[in-house]
Amino acid sequence: MRGTCSLVTRLLPPLLAAVLAPGCDCGGSTAGEGDAESGTDADLEADGPAEDAGREADVPVDFADETTGGEEATGEDGGELDGDAEEEESSAPDCTMPDVIPEDPPDPARTKFALQMMHFNIQYVAGGLAGFCPVFCDYDERATEDLIIRESFVPVLDFYLDHPDWGVDIELPSYMIEVLAERWPDELAKLRTLAQRGQVSLISFHFSAQLFLAFPIYDQEKSWELTRDIFEEHCLPLSPTVFNQEGEFGEGRHEFMREHGYSIGVFPKNLYHYVRGGGPLWPYYALRGTDVVVGPEGVDPASGIEVSWPFFDDGEKLAAAGDLDPYFGDLFRFDPAKLAEYETRLQALEDAGYKITTIADYVRHLRARSLAQPDLGPVLDGTWQPSSTDGLHRWMGAMGVTPWSGAERDNQVRTTNYRTRTLLEAADVLINHAETTLGADYTWHRNSMTDAWRHVLLAEVSDATGINPWSGEIAYSLDHCAAAEAIADSVFDDLKADLGTAFVSVDLTTRTVERLDAEPPPDTFPTATAPLAVEISAPHRDVTTTWHNTGSADGRTQYRLVVSFSAMTEISTGARTLIVRFPRTTDRIVYSPGLLETELVDYAFGDFVFEEGRHWLPLPNGIIALGDDWYAIKHTRTVHVAARVQPGDPTIDFEDDTQPALERAEWVFELFHGGATEALELANRINVRPVVLR
């Protein structure tokens, strides 16, 4: 069947392929929706509030004090562009980074602000449009990227160059800066001008438009290092503000922000209301040592502040004809009339006394007023448009809604991402070990691993699993994983030869390496009776469950559950859905947020108001509490879908609606009974810091 699927995928457009071969690996993103951020949710339109921004809002994260300023920018550390890069980036000046916050002091008497958040995504159609439709969108990856820049990004740059008194927040992955440097150097120079004079607050939190809440913090560290280096190389000041792909928000993000110099987080207002309910918003809040601005929505008049959000959406759609997006290929075109209409709106706001400025400048003014700043309170990992996307579930298990969604395979993509990133981290540890042990120079291998991590970060792009990924976007992620794995395998082969060993065991907890002459046998554990009543739903499939006792001592008990699903036993649309339900006996939500795998947070259901009655958590290290000292831990390299929590429901559910009907699956969970500290250590040992044998 694999050969048939491959043929169907290559020869037919996604819609027809999905009809003829619904179980094959082809199809599933909707033109017109693109990212979850594409502005289809009315909640994200126009006027609304801003929220406070930075802890040190008047000190931007421009990295000038670290490595880019003055003489250091042209010193031995690489501040000066080399060879081909220098030719491509000939317009880049010596990088003496200016103060990017407007020079005028904040005016405590100013009360009216107009804020704009433009989210640009060079991976809007990850991998390009070639094959998506037969007529008007035959664009490969490079051509699709250039389409986005030419028809949507360039007009925005020119617009703000023509209006030097208007500030704007522009968010993009740093990979887009590389594309600009390679093929659009004049436009990069325009962006540099706007950013260096503080008119554009240039926001970038990740290298690729990653679903970063679903993966360990190590990946985000790699992404941030690439972002920092790219911004330094091209003399671009990095904003202290953070907004990001899919509007991902969580307290782990803010902990990471605080530790890496960011100070202002933007909280999508529809996610805020989803978990908090209605009520007026305050201009800004505090969370884990950072500031939070909720938008786009007006703020409580009692604050004495008025905020308008003339734009908070995909920047690609600001001036697009017919409100179309890049999925429409030739039909995605810049419409000067739309931009002129937007100019009229901004001018009317300015005439009404609004300062058209950046979020960071807005926060400066709030601080100048000594405005009270309440604590944000409990938050949960989530995304914008949660009511229409079911939050993280859309990217971790939920099926798309288009006719060609039949080939979506969220669990396969995300578990492949997770297995590959684990292999890469082990290769990093092995290089360190070889350098220390042999005293050799492995710079070439380190550089190779940088390329491998770029592949993995691109593979972790959100659009490979949502909202409606088509087969090209699914292949984009899996192909980048395959490229990364090939690099890591080469590194392992070279270093094992140098170390004189057939196998290595790399412990990601202790960061140590053991040489092995032979491959050790797999661990075996005695079978056991089920300690809890776990419910499994897999219509039209045969299901086998096996329990093992994997260890018990000092009042703790540990079991492993292996759930094997057959391919479908009869033709049915319901055969795509697999669900494992664990009994819940607590009214508290205890889990590790994304980018915060060293903590278990503990909140009551009563702390939240879920508009749809439920919430989905990504669980990047797999753990969630069931109650009575029981914890469920998904093995993220076999099952990496979101977990559903719902007040009044006696179970916590792991659900994948995208399992190919003609393929079998095996999900593995650990069930732990004992203390919270031990449970967290176990979850990280299994998922984030396992032992890797190669």
Side-chain angles (χ1 to χ4, degrees), residues 67 77-78 82-85 173-175 177-178 206-212 214-233 256 260 415-461 476-501 503-515 595 597 620 636-637 687-694:
T67 58
D77 294 335
D82 61 355
D84 295 338
S174 56
Y175 169 60
I177 301 299
E178 289 192 330
H206 37 54
F207 169 71
S208 165
Q210 303 145 227
L211 195 69
F212 63 83
F215 298 100
I217 193 173
Y218 192 88
D219 301 28
Q220 179 58 23
E221 290 281 1
K222 292 290 185 181
S223 187
W224 177 79
E225 289 168 4
L226 282 170
T227 296
R228 176 200 60 197
D229 292 347
I230 290 166
F231 270 65
E232 289 179 354
E233 177 182 356
F256 188 95
H260 293 78
T415 55
T416 301
N417 294 163
Y418 213 112
R419 288 193 298 271
T420 308
R421 60 88 35 217
T422 303
L423 177 64
L424 265 58
E425 185 173 353
D428 288 344
V429 172
L430 182 60
I431 291 173
N432 291 338
H433 171 80
E435 285 184 337
T436 301
T437 302
L438 304 176
D441 182 359
Y442 286 97
T443 300
W444 185 89
H445 293 82
R446 288 193 181 280
N447 292 338
S448 295
M449 288 307 302
T450 296
D451 291 339
W453 276 107
R454 289 168 57 91
H455 281 296
V456 161
L457 297 174
L458 293 171
E460 290 177 3
V461 66
Y476 175 89
S477 179
L478 297 177
D479 289 349
H480 275 293
C481 280
E485 183 175 2
I487 293 172
D489 281 342
S490 178
V491 169
F492 269 94
D493 289 345
D494 285 356
L495 271 61
K496 285 190 296 183
D498 290 353
L499 291 165
T501 185
F503 296 91
V504 289
S505 175
V506 182
D507 190 325
L508 296 183
T509 299
T510 62
R511 319 302 281 186
T512 57
V513 175
E514 181 182 0
R515 304 183 210 184
L595 307 185
E597 62 224 26
T636 50
R637 291 181 295 282
N687 293 314
V688 179
R689 296 186 293 274
V691 175
V692 177
L693 177 68
R694 209 69 173 182

Using the side-chain contact (heavy atoms from CB on, under 4.5 Å) rule, take Glu597 and Ile217 through it: C-alpha gap first, then chi angles, then the decisive distance, then the call. CA-CA 8 Å; Glu597 62 224 26; Ile217 193 173; 3.3 Å; yes

Can you tell me how far apart CZ (Arg446) and CG (Asp428) are? Round to the nearest 0.5 Å. 7.5 Å

Give a yes or no on whether the ring-centroid distance for Trp453 and Tyr218 is below 6.0 angstrom. yes

Is any NZ, NE, NH1 or NH2 atom of the basic residue among Lys222 and Glu460 found under 4.0 Å from an Asp or Glu carboxylate oxygen of the other? no

Hey, does Leu226 have a side-chain heavy atom less than 4.5 Å from the side chain of Arg454? yes

Kindly give the heavy-atom pair with the smallest separation between Ala427 and Val491, and that separation in Å. CB-CG1, 4.5 Å

Measure from the side-chain N and O atoms of Thr227 to the backbone N and O of Phe207, and report whether any donor-acceptor pair falls under 3.5 Å. yes

Distance-only side-chain donor-acceptor flag, His260 / Glu221, under 3.5 Å: yes

For the pair Arg511 and Glu425, evaluate side-chain contact (heavy atoms from CB on, under 4.5 Å) and give the outcome as yes or no after the intermediate values. CA-CA 10 Å; Arg511 319 302 281 186; Glu425 185 173 353; 2.7 Å; yes

When you measure from the side chain of Ser448 to the backbone of Trp444, do you find a donor-acceptor pair of N or O atoms at a distance under 3.5 Å? yes

Between Tyr175 and Val461, does a side-chain contact (heavy atoms from CB on, under 4.5 Å) hold up when you go through it step by step? CA-CA 12 Å; Tyr175 169 60; Val461 66; over 6 Å; no

Distance from His206 atom NE2 to Leu457 atom CG, nearest 0.5 Å? 10.5 Å

Would you say the side chain of Asn432 lies within less than 4.5 Å of the side chain of Val513, judging by non-hydrogen atoms? no

Measuring from atom CZ of Phe492 to atom CD1 of Ile487, what distance do you get when rounded to the nearest 0.5 angstrom? 13.5 Å

What heavy-atom pair brings Leu458 and Ser208 nearest, and what distance separates the two atoms? CA-OG, 3.5 Å

Main chain of Leu499, side chain of Arg515: is a donor-acceptor contact present, judged purely on distance under 3.5 Å? yes

In chain order, what residues pass the side-chain contact (heavy atoms from CB on, under 4.5 Å) check against Ala486, with sequence neighbours excluded? none

Looking only at atom types and distance, does a side-chain atom of Arg637 sit under 3.5 Å from a main-chain N or O of Asn687, one as donor and one as acceptor? yes

Would you check, one step at a time, whether the test side-chain contact (heavy atoms from CB on, under 4.5 Å) holds for Arg694 with Leu423? CA-CA 9 Å; Arg694 209 69 173 182; Leu423 177 64; 3.7 Å; yes

Check: Val429 and Val692 side chains under 4.5 Å, non-hydrogen atoms: no

How many angstroms lie between NE2 in His445 and CG in Asp494, if you round to the nearest 0.5 Å? 3.5 Å

Note: Ala459 and His480 closest approach over all heavy atoms is CB-CB, 3.8 Å

Could you pull out the closest heavy-atom pair between Ser505 and Val691, with the gap in Å? OG-CG1, 3.1 Å

Main chain of Pro620, side chain of Tyr418: is a donor-acceptor contact present, judged purely on distance under 3.5 Å? yes

Which distance, rounded to the nearest 0.5 Å, do you find between the CD of Gln210 and the CZ of Phe215? 9.0 Å

Is there a donor-acceptor contact under 3.5 Å linking the side chains of Arg419 and Thr422? no

Atom OG1 in Thr512, atom NE2 in His433: separation rounded to 0.5 Å? 9.0 Å

Non-neighbouring partners of Ala484 that pass side-chain contact (heavy atoms from CB on, under 4.5 Å), sequence neighbours left out: Thr420, Leu424, Ala452, His455, Val456

